[in-house]
Structure formats: C-alpha cells, structure tokens
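Just so we're on the same page: letters track the sequence lines, and every chain starts at 1.
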Protein chains: 2
Amino acid sequence: MSTIEHEIQQQHFSSHKQKAILNIIFTANWLRSQQLQLFKSYGISPEQFNVLRILRGQKGKAIGVNGIQERMLDKNSNASRLVDKLIEKQFVERKSCANDRRQVEVFITNKGLSLLAELDEQIMAADDKYIQLDAAESELLNTLLDKLRT
Amino acid sequence: MSTIEHEIQQQHFSSHKQKAILNIIFTANWLRSQQLQLFKSYGISPEQFNVLRILRGQKGKAIGVNGIQERMLDKNSNASRLVDKLIEKQFVERKSCANDRRQVEVFITNKGLSLLAELDEQIMAADDKYIQLDAAESELLNTLLDKLRT
DNA sequence: CAAATATATATGTATATACATTTATTGTGC
DNA sequence: GCACAATAAATGTATATACATATATATTTG
C-alpha cells in the first residue's frame, strides 16, 4: 500500500492530473530521501553529485559555471556556490579562461573521478533495488513525463 | 523537444530506470518553477500552501504539528517552522491542547481559507494549461509512480 | 510515587534554492 | 575610441530541508 492516497493521507483529488502533480513531487522527495544516507556517508550532497557527473560527462572538455547550470536538474540552483563546495573538498578545479576573462573553466579532479566511480556504482545498485519498475515501465514513465512538459 | 535528454543536455543514460529517476527529479523541479510566480504574488511558498491545504482538509478537526508533517509532500520538512510563518501572516492559528499539553492544535483562519479559495483555483487552472496530459495518461502516470515506490 | 523512557514540539546549524544585485569583462553603436 | 548594453560569475538575503539536540509534558516501570 504505497499509493499516494495512503502516503499523504488524502482520499480525494480534484482530478487525475492534480493527483499526478502531487505524486511527482512526493516521489521526487521520496527518491531524494532514499539516496541521502549514501550520499552523506561520502560527504557530498545529491546536488554536488549532480555537478560532478556533469563535469565527468565533459570528458576534459572545458565548461563554465553557466554550462553547468544549464545541465543541472534544478535550473534555479546556484552552480557557483556548489562549485565552491566541491573545490573545498578538492573534487574539482577552477581555472580562469584565457579567451574570456569573465568565464571560469571547471574541471573534475582525479580525486573527484575516484569518488564518482565508487559512489555512482553504489547509488545505481541501490536505485535498482528500491525502484520497482522494469525497463518497459521506466520507458513509459519517461514518455509520460516528457509529454507532460511539452 | 522537451525530452529529458534535451533538457539536461545529456545523451546517454545507463538504463531506462536511471533516466526515469533523473526525469522525475527534473520534472518535480520544473513543476515547482511553473507554479512559483503565482505563489509569490500571493506572498506564500509552495510548502506553506501545502500546509494550508492540509489544514483545510481537516474541516475544523484538530490536527497537531505531527499530523501535518505526516501529510506533507516532503516528510523531511519542518512543519513547526512553516506553521510559524503562516501564523505571522495570520493564515493559521495555534491553540494549546487541553488533554495533552505537549501538543498544539493548528487551525486555518478565515483569512487563510479566503487565500486558498482564490489561489487554489488559479493554481489548478494554470496546472491544467501547462501540463500536457489527459486524464487517462495522468492515471497511468499515477499507477507507475505508486508502483515505483512499492 | 520517583526515575526512566517516550512523545510532541521547538531550535540550532549546515546545505540548498529563489531572486535581486554587484563586479568584472566583453561586445556594439555612434 | 568611448558610452552603453550584454554577459559570466559571485554575492546578499529570505525561505526551506536535513539532522541533531533541547525542552516540556506524558507514560511506564520498578
């Protein structure tokens, strides 16, 4: 019994669409909670982890704070400060850009890559375990979410 | 083109499931962003709005801070402080409980009900407009999300 | 009944988001 | 070239979450 009705103790919704909105928000919070413990044990937040993955995805190619922001899951986040936190922990480096001195170029360090290699694997293993969807259902879910935002 | 691939500029995902996780989190943030402007014009946050709706749902029946927390979309939120903010704005009242003096009973005021009546209608109208799912698709989405968390 | 335990709520602190503003630099029109 | 707008990033401040701890009251147990 993990219906949204049960989870938020609400029996009536004005429409399936309104219910879906609450369900998406609730499920996103639930997902975050599931992952938090693991993140915490590595001294990093889900948002910082997201930034690290973006940087790894660059494969050494230069990216600025703006580029990170555009690729983030939350477009209203504040990449500048997240990068600060990651620099403190030596997971990323900041280099000033020669061509355009307004820009900075952000790179993931070897220490950052090591962390990701380990944490990423554990997060994915955990996800696979507690997310009760098969590939076809996941694909359908992606289709619906993409359509929702069209 | 509002596929998640495009939105976060990432072409490769390790599985449909992993992609779905990012899609849910991204979509929840997107939904929040869509609603924020409207909330802001009424001097309230989405989380405070959620608390007000919970209180309205009580139809005058007493509920404590704990009960609010259990019904919230984010179980890790902090109902106590959200109630504080709502009291400042006179949208809710706090009464000490006679039977159990540890508890407080929280009620929505007429001012709070008026706000909800107006804002709720506008939020739902806006949602209907920018959420591109029909009732059947919404129902399917709810089924998938409920299953995911099983 | 007193001491220990449990419960309801509040509070302290670190992190993150929302949004306006600031600072530094670059590009453009005249 | 210079004033002015545009851009990249950083910063200030309010709100919210995550989690540990504190405070008050209630319940249980010896």
Side-chain angles (χ1 to χ4, degrees), chain A residues 25-26 28-52 62-89 91-92 94-106, chain B residues 25-26 28-52 62-89 91-92 94-106:
Chain A
I25 295 169
F26 177 84
N29 289 330
W30 182 88
L31 284 170
R32 188 185 155 83
S33 290
Q34 301 302 116
Q35 297 181 330
L36 264 178
Q37 192 59 38
L38 197 46
F39 280 122
K40 211 193 167 192
S41 66
Y42 283 84
I44 205 177
S45 71
E47 295 80 9
Q48 289 171 25
F49 175 73
N50 186 219
V51 171
L52 283 186
I63 188 171
V65 172
N66 222 10
I68 296 172
Q69 191 88 48
E70 283 170 7
R71 288 165 177 76
M72 285 187 70
L73 295 173
D74 191 329
K75 302 301 183 199
N76 291 311
S77 184
N78 197 321
S80 183
R81 276 187 271 232
L82 290 173
V83 167
D84 282 346
K85 297 279 169 66
L86 290 168
I87 286 173
E88 275 174 29
K89 289 177 260 195
F91 294 137
V92 310
R94 188 157 36 194
K95 296 177 186 165
S96 57
C97 177
N99 301 10
D100 184 341
R101 290 207 323 238
R102 289 169 301 185
Q103 279 196 61
V104 295
E105 291 175 349
V106 184
Chain B
I25 295 169
F26 178 83
N29 288 330
W30 182 88
L31 285 169
R32 187 184 155 83
S33 288
Q34 300 303 115
Q35 296 181 331
L36 264 177
Q37 192 59 37
L38 196 47
F39 280 122
K40 212 194 165 190
S41 67
Y42 283 84
I44 205 177
S45 72
E47 295 80 10
Q48 290 171 25
F49 175 74
N50 186 219
V51 172
L52 283 186
I63 188 171
V65 172
N66 222 10
I68 296 172
Q69 190 89 47
E70 283 169 8
R71 288 165 176 76
M72 285 187 70
L73 295 173
D74 191 329
K75 302 301 182 200
N76 291 309
S77 185
N78 196 321
S80 182
R81 277 186 269 232
L82 289 173
V83 168
D84 282 347
K85 296 279 169 67
L86 290 167
I87 287 171
E88 276 174 29
K89 288 177 261 197
F91 294 137
V92 311
R94 188 159 34 195
K95 295 177 186 165
S96 58
C97 179
N99 301 10
D100 185 340
R101 289 209 323 238
R102 290 169 302 183
Q103 277 196 61
V104 296
E105 291 175 349
V106 184

To the nearest Å, give me how far apart [atom1] ([X]) and [atom2] ([N]) are.
{"X": "B:N99", "N": "D:dA24", "atom1": "CG", "atom2": "C1'", "result": "17 Å"}
{"X": "A:K89", "N": "C:dA14", "atom1": "NZ", "atom2": "P", "result": "14 Å"}
{"X": "B:F39", "N": "C:dC19", "atom1": "CZ", "atom2": "P", "result": "12 Å"}
{"X": "A:I68", "N": "C:dT17", "atom1": "CD1", "atom2": "C1'", "result": "17 Å"}
{"X": "A:L82", "N": "D:dA9", "atom1": "CG", "atom2": "P", "result": "14 Å"}
{"X": "B:K95", "N": "C:dT9", "atom1": "NZ", "atom2": "P", "result": "16 Å"}
{"X": "A:Q103", "N": "C:dT23", "atom1": "CD", "atom2": "C1'", "result": "16 Å"}
{"X": "A:D84", "N": "D:dA9", "atom1": "CG", "atom2": "C1'", "result": "10 Å"}

Quick one: [atom1] on [X] to [atom2] on [Y], what's the gap to the nearest 0.5 Å?
{"X": "B:F91", "Y": "B:Q48", "atom1": "CZ", "atom2": "CD", "result": "8.5 Å"}
{"X": "B:Q103", "Y": "B:N66", "atom1": "CD", "atom2": "CG", "result": "7.5 Å"}
{"X": "B:N29", "Y": "A:I25", "atom1": "CG", "atom2": "CD1", "result": "9.5 Å"}
{"X": "B:L31", "Y": "B:F26", "atom1": "CG", "atom2": "CZ", "result": "10.0 Å"}
{"X": "B:E105", "Y": "B:S96", "atom1": "CD", "atom2": "OG", "result": "8.5 Å"}

Within residues 43-51 of chain A: residues closer than 4.0 Å to DNA chain D (heavy atoms)
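Residues of residues 43-51 of chain A that come under 4.0 Å of DNA chain D do not exist, since none gets that close.
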Would you give me the side-chain donor-acceptor pairs under 3.5 Å for residues 76-84 of chain A, sequence neighbours excluded?
| from | atom 1 | to | atom 2 | distance (Å) |
| --- | --- | --- | --- | --- |
| A:N76 | ND2 | B:S33 | OG | 2.8 |
| A:D84 | OD1 | A:R94 | NH1 | 3.2 |
| A:D84 | OD1 | A:R94 | NH2 | 3.0 |

Ignoring hydrogens and geometry, is there a side-chain-to-backbone donor-acceptor pair from A:Q69 to A:K75 under 3.5 Å?
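Here the side-chain-to-backbone pair exists.
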A:K89 side-chain N/O to A:G43 backbone N/O, donor-acceptor pair under 3.5 Å
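Checked: pair present.
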Interface polar pairs with nucleotides 18-21 of chain D, N/O, under 3.5 angstrom:
| from | atom 1 | to | atom 2 | distance (Å) |
| --- | --- | --- | --- | --- |
| D:dA18 | OP1 | A:R32 | NE | 2.8 |
| D:dA18 | OP2 | B:D74 | OD1 | 3.3 |
| D:dA18 | OP2 | B:N76 | ND2 | 3.3 |
| D:dA18 | N6 | B:R81 | NH2 | 3.3 |

Is the phosphate of D:dT25, meaning OP1 or OP2, less than 4.0 Å from a side-chain N or O of B:R101?
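B:R101 to D:dT25 OP1/OP2: side-chain N or O found under 4.0 Å.
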Where each residue is assigned the nucleotide of DNA chain C containing its nearest heavy atom, which of A:A98 and A:K85 is assigned the position nearer the 5′ end?
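Residue closer to the 5' terminus by nearest nucleotide: A:K85.
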Where do B:I63 and B:G67 come nearest, in terms of heavy atoms and distance?
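Heavy atoms of B:I63 and B:G67 come nearest at CD1-C, 3.6 Å.
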Kindly indicate whether the side chain of B:R102 and the base of C:dT9 share any N or O donor-acceptor pair separated by less than 3.5 Å?
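By the distance-only test, no, there is no pair.
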